[in-house]
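Reading through the structure tokens given below for one structure.
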Protein chains: 2
Amino acid sequence: MTQTLASRPAPEPVDPLRVWFRFVRLQHRLSAAVGAELRTIGLSIPQFDLLSTLTEREGSTQQELAERLYVTKGNVSGLVDRLVEAGLVERRPIPGDRRSHALHLTERGRSLAERGIAAQRAYVARTLGRLPAGDVAELERIVLAWREEARSAAAEA
Amino acid sequence: MTQTLASRPAPEPVDPLRVWFRFVRLQHRLSAAVGAELRTIGLSIPQFDLLSTLTEREGSTQQELAERLYVTKGNVSGLVDRLVEAGLVERRPIPGDRRSHALHLTERGRSLAERGIAAQRAYVARTLGRLPAGDVAELERIVLAWREEARSAAAEA
DNA sequence: GCGAGATGGTTCTCATGTAAACTATCTCGA
DNA sequence: TCGAGATAGTTTACATGAGAACCATCTCGC
């Protein structure tokens with residue numbers, strides 16, 4: 001700090017930790033809001049995440065879904081159990097590999113997933129989507145930069 | 001879209017939904033990293049959140065903590081049970097109100113909380129803190145703007 | 001073609017989260 | 001002062017998450 005003139009209005013100092021807290025709380029709030037939307041169609045967030053991933057990757061195995069969703073395969077196991085129970089997903093045998101199953105959406109599963117995707121898209125559109133396009137692009141850029149720093153930090157350790 | 005000249009390189013269109021996904025995944029990744037740091041001192045994220053809140057609000061009731069942490073009071077009940085069990089927190093009676101307790105950190109609880117705060121601050125400093133200060137300020141600005149849109153959306157509904 | 005290690009799933013235990021029912025206590029107006 | 005409603009906490013039921021132990025099956029080098 002070589003600033004010696006105290007006469008101009010002090011710019012608010014930026015504390016990364018404070019920004020981190022805001023970031024986390026916002027994510028918490030937004031997830032709760034999206035979760036509330038999804039609940040109206042009978043889905044939880046993890047269930048919806050799994051179904052919507054399946055719409056783009058029909059026939060995935062549980063292991064693939066676990067990697068995609070960043071959760072353990074044990075977790076996916078129970079999640080799929082409940083979705084099968086609810087009639088939204090099917091486990092189909094894979095010829096030539098008796099260890100794994102191909103997961104497929106049922107008619108109802110696909111329909112619910114699509115309604116969920118629409119609800120999610122609508123929520124994002126009427127919150128983030130109302131910011132100036134430049135801000136959204138800027139947010140993406142900063143998020144990607146932050147991610148890179150996180151990767152570097154993880155690599156160092 | 002009144003743009004008629006197709007000759008210049010198309011700017012990457014910004015899809016708010018894609019930015020939302022990046023945002024959520026980044027938060028997931030960062031929380032996992034902070035959680036790993038905290039685990040080395042024997043705390044989970046929720047435990048740490050509760051302890052660090054207590055360092056600033058010694059004597060809070062469980063209800064107050066629940067509001068502050070955005071979780072249910074039932075959840076805080078079990079969390080405090082485990083922290084008391086671990087010798088990090090005490091429930092003290094409040095004269096004049098036999099329904100509630102004032103929560104206080106024990107010596108060990110305060111010490112652990114402070115180590116956790118330092119670890120968290122260090123992690124944020126070596127990821128977000130390495131971005132240009134302008135980016136951090138910009139991120140905060142956009143996060144606050146997004147939060148306002150989320151509030152408006154919630155109010156409309 | 002066999003056996004060691006890799007891979008896919010399930011299951012266990014435990015922590016955390018919600019929602020809702022329940023108990024104890026407090027507050028306040030008639 | 002009494003009793004209805006508010007408030008603080010606990011408890012129960014259940015979903016979700018991690019991590020680790022465990023089985024079945026598959027792959028690959030020899």
Side-chain angles (χ1 to χ4, degrees), chain A residues 24-25 27-29 31-40 42-51 53 59-86 88-103, chain B residues 24-25 27-29 31-40 42-51 53 59-86 88-103:
Chain A
V24 170
R25 278 201 299 269
Q27 202 276 342
H28 191 281
R29 170 190 290 260
S31 286
V34 170
E37 301 259 327
L38 292 173
R39 210 166 51 243
T40 68
L43 291 177
S44 67
I45 288 183
Q47 289 170 351
F48 166 68
D49 285 344
L50 195 153
L51 294 183
T53 300
S60 294
T61 65
Q62 295 184 190
Q63 182 64 56
E64 287 163 356
L65 282 178
E67 284 159 16
R68 190 103 184 123
L69 298 171
Y70 300 99
V71 296
T72 63
K73 57 188 184 173
N75 186 0
V76 169
S77 190
L79 206 42
V80 170
D81 282 349
R82 288 184 291 274
L83 291 169
V84 167
E85 176 71 23
L88 305 179
V89 164
E90 286 175 1
R91 283 184 173 105
R92 296 188 194 161
I94 294 182
D97 190 342
R98 279 173 299 171
R99 292 171 304 176
S100 50
H101 317 108
L103 298 180
Chain B
V24 169
R25 279 200 300 267
Q27 201 275 342
H28 191 280
R29 170 190 289 262
S31 286
V34 169
E37 301 259 327
L38 291 174
R39 210 166 51 243
T40 68
L43 291 177
S44 67
I45 289 184
Q47 287 170 352
F48 166 67
D49 284 345
L50 195 153
L51 293 184
T53 301
S60 292
T61 64
Q62 295 185 190
Q63 182 63 58
E64 286 163 357
L65 282 178
E67 285 159 16
R68 189 103 184 125
L69 298 171
Y70 299 99
V71 296
T72 63
K73 59 189 182 171
N75 186 1
V76 169
S77 190
L79 205 42
V80 170
D81 282 349
R82 287 184 291 273
L83 290 170
V84 167
E85 176 71 22
L88 304 180
V89 164
E90 286 175 359
R91 284 185 172 105
R92 296 188 194 161
I94 295 183
D97 189 342
R98 279 172 300 170
R99 292 172 305 176
S100 49
H101 317 107
L103 298 180

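A, B, ... follow the sequence lines: proteins, then strands. Residue 1 opens every chain.
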Please produce a list of atom pairs where a protein N or O lies less than 3.5 Å from an N or O of nucleotides 2-9 of chain C.
{"residue": "C/dT7", "atom": "O2", "partner": "A/R99", "partner atom": "NH1", "Å": "2.8"}
{"residue": "C/dG9", "atom": "OP1", "partner": "A/Q62", "partner atom": "N", "Å": "3.3"}
{"residue": "C/dG9", "atom": "OP1", "partner": "A/H101", "partner atom": "N", "Å": "3.2"}
{"residue": "C/dG9", "atom": "OP2", "partner": "A/Q62", "partner atom": "N", "Å": "3.3"}
{"residue": "C/dG9", "atom": "OP2", "partner": "A/Q63", "partner atom": "N", "Å": "2.7"}
{"residue": "C/dG9", "atom": "N7", "partner": "A/K73", "partner atom": "NZ", "Å": "3.0"}
{"residue": "C/dG9", "atom": "O6", "partner": "A/K73", "partner atom": "NZ", "Å": "2.9"}

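- Partners of A/R25 by salt bridge (Lys or Arg N to Asp or Glu O under 4.0 Å), not counting sequence neighbours: none found.
- Taking atom OH of B/Y70 as the reference point, atom C1' of C/dT16 lies 19 Å away to the nearest angstrom.
- Here A/S31 pairs with A/Q27 under the side chain to side chain donor-acceptor pair (under 3.5 Å) rule; sequence neighbours left out.
- What separates CG of A/D81 from C1' of C/dT10 is a distance of 9 Å, to the nearest Å.
- Shown here are the side-chain contact (heavy atoms from CB on, under 4.5 Å) partners of A/R68, two or more places apart in sequence or in another chain: A/T53, A/R57.
- Between B/R98 atom CZ and C/dC26 atom C1' the separation is 10 Å, expressed in whole Å.
- Taking every nucleotide of DNA chain D with any atom under 4.0 Å from a non-hydrogen atom of chain A, the first and last of them, 5' to 3', are D/dA15 to D/dC26.
- With contacts defined as side-chain heavy-atom distances shorter than 4.5 Å, the pair B/L79/B/V71 does not qualify.
- For B/Q62, the side-chain contact (heavy atoms from CB on, under 4.5 Å) partners are B/V76, B/S77, B/V80, B/R91, B/H101, B/L103, not counting sequence neighbours.
- For the pair A/I45 CD1 and C/dT16 C1', the computed distance is 15 Å after rounding to whole Å.
- Along DNA chain D, the nucleotide nearest to B/R39 and the one nearest to A/R82 differ in position, and the one closer to the 5' end is contacted by A/R82.
- Residue-level contact check: B/G78 touches neither bases nor backbone, having no heavy atom under 4.0 Å from any strand.
- With sequence neighbours excluded, the residues forming a side-chain contact (heavy atoms from CB on, under 4.5 Å) with A/T61 are A/Q63, A/E64, A/I94, A/S100, listed by chain and number.
- Looking at residues two or more places apart in sequence or on another chain, you find a side chain to side chain donor-acceptor pair (under 3.5 Å) between A/S44 and A/Q47.
- Take B/E67 and apply the salt bridge (Lys or Arg N to Asp or Glu O under 4.0 Å) test, not counting sequence neighbours, and it matches no residue.
- The separation between B/L79 atom CG and C/dG17 atom P is 7 Å, rounded to whole Å.
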